[in-house]
Structure formats: structure tokens, C-alpha cells
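Quick notes on the structure that follows.
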Amino acid sequence: MELLDGKLVSAKIKEDIKQEAAAFMASTGRKPHLVAILVGHDGASETYVASKMRNCELVGFESTNIHYEADVTEAELIAKIESLNADDRVDGLIVQLPLPAHINPERITEAIDYRKDVDGFHPVNLGRMQRNLPCFIPATPYGVMLMLDHYRIDTAGLHAVVVGRSNIVGSPMSILLARNSVPGNCTVTLTHSRTKNITEEVRRADIVVAAIGKKHFITPDMVKPGAIVIDVGINRETSTQTKSGYKLYGDVDFDGVAPKASWITPVPGGVGLMTIIGLLKNTLEAAKGTIYPR
Ligand code: NDP
């Protein structure tokens with residue numbers, strides 16, 4: 001078994017991004033700028049946004065966190081998004097999900113200018129991704145593809161089984177793995193909570209991508225010997241053993257599955273770190289105007 005090491009790969013790519021950000025600063029006199037809007041006080045969301053902001057600083061980006069209370073109206077939020085869309089000093093704009101129930105996430109996603117949509121959730125970016133055109137790719141699946149690419153894993157012709165079909169992880173993951181590109185060219189099965197006999201489906205996989213949100217859902221009996229196992233899951237449980245007061249678990253039973261796998265991502269230290277890289281790369285591209293000219 002070999003580790004798909006998010007710590008190592010993300011540190012390396014971060015170094016490249018830092019150099020590119022410095023070159024951007026040298027030629028334009030400004031830093032790439034990411035704005036993140038956070039609504040309410042969900043603990044996990046606050047942690048994710050803080051980490052995104054910290055990583056921006058680390059690579060020499062400017063970052064702004066706009067924090068609203070949970071009772072902000074949808075109209076207020078859209079008005080803010082529209083003013084940030086029009087602001088030339090803003091390159092990338094993200095709204096941290098989930099949002100409170102009174103705010104429609106689809107309307108918020110579509111309010112963001114697709115040219116600043118560095119989360120890659122806007123229908124224009126999703127459509128362009130499907131057609132293999134230049135676009136912002138959702139950060140988590142993008143991070144997974146960068147990881148596979150870094151380790152030069154030849155995925156062509158492999159059978160990939162993606163577990164989970166969310167708009168932000170499972171669905172785009174299935175599109176990327178199926179695309180005629182490198183990595184890619186997989187035969188893909190996309191599974192979800194209505195799939196019959198999910199164990200049998202996963203057992204056929206050369207590549208398993210687990211994006212379910214259920215601790216240790218993927219057990220050793222479900223995994224074919226030699227499979228490549230990508231664990232997207234982040235399940236937080238309170239713990240008295242850690243400084244933060246919680247501990248993270250993946251959707252894969254790592255200890256049981258690792259001896260059977262050819263490659264596997266740990267949690268933490270795997271896909272989560274690569275997600276940040278996906279976001280930073282998209283923000284840099286947005287600033288440079290390489291995907292959508294400024
Ligand atoms: P969602 O809750 O949006 O989607 C979960 C998916 O899993 C759904 O498609 C659901 O099916 C499916 N599912 C749930 N239960 C089962 C089951 N028993 N059998 C088969 N499928 C099931 O989650 P996300 O995609 O947003 O996130 C998934 C996990 O990844 C979470 O742990 C999340 O924290 C983590 N995550 C990690 C990131 C990272 O950076 N590493 C980034 C984003 C998310 P259905 O559609 O039928 O309901």
C-alpha cells in the first residue's frame with residue numbers, strides 16, 4: 001500500500017502557487033484576491049473559511065472574509081454578491097455552504113459572476129467542465145485530480161465507483177474521471193443512497209471515491225485487492241484527546257482498508273488539504289484571467 005499524501009503534495013503545489021503569486025504581484029502591482037462570505041456560526045464552516053483565509057496569506061494572496069449573522073436576508077446577500085461581482089479588486093468570490101434554510105443556495109450560486117466563481121459551482125462552470133472546456137473546477141474534485149496527476153497514476157480504462165452524488169463532490173468527480181483527459185478516461189459508476197447493493201458495486205471498483213459523510217462507511221470487505229481508495233469524507237466527532245476538542249474521521253475505515261489498497265488517502269492529511277489547493281489554483285487563474293479574460 002502506498003499513501004496518497006495530501007500533506008506532501010499540497011506543500012509542493014503551494015510553493016509553485018506562491019511563486020506565481022509573486023510574479024503576478026511583480027507584473028500587476030497587486031495580489032490575487034479571494035473574498036469568502038460566511039453566514040452564521042456553523043463550527044465546521046468557520047474552521048474551513050479560516051483555513052482558506054490562512055492559506056491565501058501563506059501563498060501571498062489577499063483575502064477578505066465577510067461574515068453575516070444567520071438572519072441575513074437572501075436579498076441582502078445577493079446585493080453584496082452583485083457589488084463584489086462589479087469590484088475589479090476582487091478576483092475570486094465564494095459563499096461557504098451550507099446556508100441557513102431561508103436562503104436558497106441555487107440562487108446564491110447563480111448570483112456569483114461565473115468568471116469569479118472559484119468554487120466552480122455555477123452552472124456555466126459545471127457545463128463547461130462537462131464539455132471539457134476551460135473552467136473553474138470544483139475545488140475538492142480538482143484536488144483529487146491533482147493528487148492522481150502528481151503520483152502519475154494511470155487511470156485510463158479503470159472502473160471508478162464514486163459513492164455520493166452531491167453537486168460539490170460526487171457528481172463533478174464522476175464527470176472528471178469519465179472525461180477524455182489525463183487523469184480520466186475511467187468507466188464510471190455513480191452511486192448514492194438509492195443504489196441497490198452498494199457493496200457489490202464498490203467491490204467491482206479499481207478506484208473508489210467515498211464522498212458520503214458517514215464515518216467508516218467503506219469497510220475492508222467492500223474493497224477489491226489493489227484498488228485505489230480516495231476518501232473525501234470529513235466526519236467530526238467531539239474528543240477529549242485533541243486540542244481542538246474534536247477528531248476527524250473519513251468515510252473509509254482506513255486501518256482495515258489500507259492493507260488491501262494499492263493507494264489510499266488518509267483523513268486528515270489527504271483530500272482536505274488538496275481541496276485548498278484547488279481553490280488557490282482557481283483564484284490564481286481568476287486573477288491572471290487565463291480561463292476568462294479580464
Ligand atoms: P452530501 O450530504 O451533500 O452528499 C452525500 C451523498 O452521499 C449523497 O449523494 C447521498 O445520497 C450519499 N449517501 C448518503 N448515505 C448513503 C448511503 N447509505 N449509501 C450510499 N450513498 C449514500 O455530502 P457532500 O458531498 O457535501 O460531502 C460528503 C463528505 O465529504 C462529507 O463528509 C463532507 O464533510 C466531506 N467533504 C469533504 C471535503 C474535503 O475537502 N475533503 C469537501 C466537501 C465535503 P443521496 O443523494 O441519495 O441523498
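Order of listing sets the numbers, starting from 1, for every ligand and every atom in it. Along the sequence shown, the residues carry numbers beginning at 1. The figures that follow rest on heavy atoms only: side chains count, while hydrogens, waters and symmetry mates do not.
With a 4.5 Å cut-off on side-chain heavy atoms, Asp119 and Ile112 do not count as touching. Residues Glu20 and Lys281 have side chains not in contact (no heavy-atom distance under 4.5 Å, counting atoms from C-beta outward). Inter-residue side-chain proximity for Asp5 and Tyr151 is flagged as met; some heavy-atom pair is nearer than 4.5 Å.
Near Val169, the atoms of ligand 1 lying under 4.0 angstrom from a non-hydrogen atom of the residue are 25 (O), 43 (C), 44 (C). For ligand 1 and Thr275, the ligand atoms under 4.0 Å from any heavy atom of the residue are 39 (C), 40 (O). If you number the atoms of ligand 1 from 1 as listed, the ones under 4.0 Å from a heavy atom of Gly213 come out as 28 (C), 29 (C), 31 (C), 32 (O). Atoms of ligand 1 lying under 4.0 Å from at least one heavy atom of Ile168, given by number and element, are 26 (O). Residue Gly164 has at least one heavy-atom neighbour below 4.0 Å for each of these atoms of ligand 1: 6 (C), 7 (O), 9 (O), 12 (C). Taking every non-hydrogen atom of Val271 and a distance limit under 4.0 Å, the qualifying atoms of ligand 1 come out as 41 (N). Residue-ligand proximity, Phe217 to ligand 1, at heavy-atom distances under 4.0 Å covers atoms 17 (C), 18 (N), 19 (N). Listed by atom number, the atoms of ligand 1 under 4.0 Å from Ile198 heavy atoms are 19 (N), 20 (C).
When only interatomic distances are considered, the shortest N/O to N/O separation between Ser166 and ligand 1 falls below 3.5 Å. An N or O contact shorter than 3.5 Å links Val232 to ligand 1 by distance. Residue Ser193 has at least one nitrogen or oxygen atom sitting less than 3.5 Å from a nitrogen or oxygen atom of ligand 1, judged on distance alone. Of the N or O atoms in Arg165, one or more lie within a sub-3.5 Å distance of an N or O in ligand 1.
The backbone N or O of Leu34 sits nowhere less than 3.5 Å from a side-chain atom of Asp91 that would complete a donor-acceptor pair. Looking only at distances, no side-chain donor or acceptor of His192 sits under 3.5 Å from a matching main-chain atom of Ile212.
The protein non-hydrogen atom at the shortest distance from atom 5 (C) of ligand 1 is Ile212 O, 3.4 Å. With hydrogens left out, the protein atom closest to atom 33 (C) of ligand 1 is Ile234 N, 4.1 Å, a heavy atom. In this structure, atom 42 (C) of ligand 1 lies nearest to the protein heavy atom Thr140 OG1, 3.2 Å.
Figure legend: cation-pi geometry between Arg236 and Tyr246, with NZ or CZ positioned under 6.0 Å from the six-membered ring centre and within 45° of its axis.
No side-chain N or O of Asp42 forms a donor-acceptor pair with one of Tyr48 less than 3.5 Å apart. Inspection of the Glu46 and His41 side chains reveals an N or O donor paired with an N or O acceptor under 3.5 Å.
Between Phe136 and Tyr292, the two ring planes are perpendicular [angle over 60°; tilted spans 30° to 60°].
Residues Ile276 and Leu248 fall into different hydrophobic clusters, defined by Ile, Leu, Val, Met, Phe, Trp and Tyr side chains chained together at heavy-atom separations under 4.5 Å.
Shown here is Arg89, whose CZ atom has no more than 12 heavy atoms of other residues, nucleotides or ligands within 6.0 Å.
Distances shorter than 4.0 angstrom occur between a heavy atom of Gly272 and an atom of ligand 1. Not a single heavy atom of Thr195 sits less than 4.0 Å from an atom of ligand 1.
Looking at Lys214 against ligand 1, only its side chain comes within 4.0 Å, counting heavy atoms.
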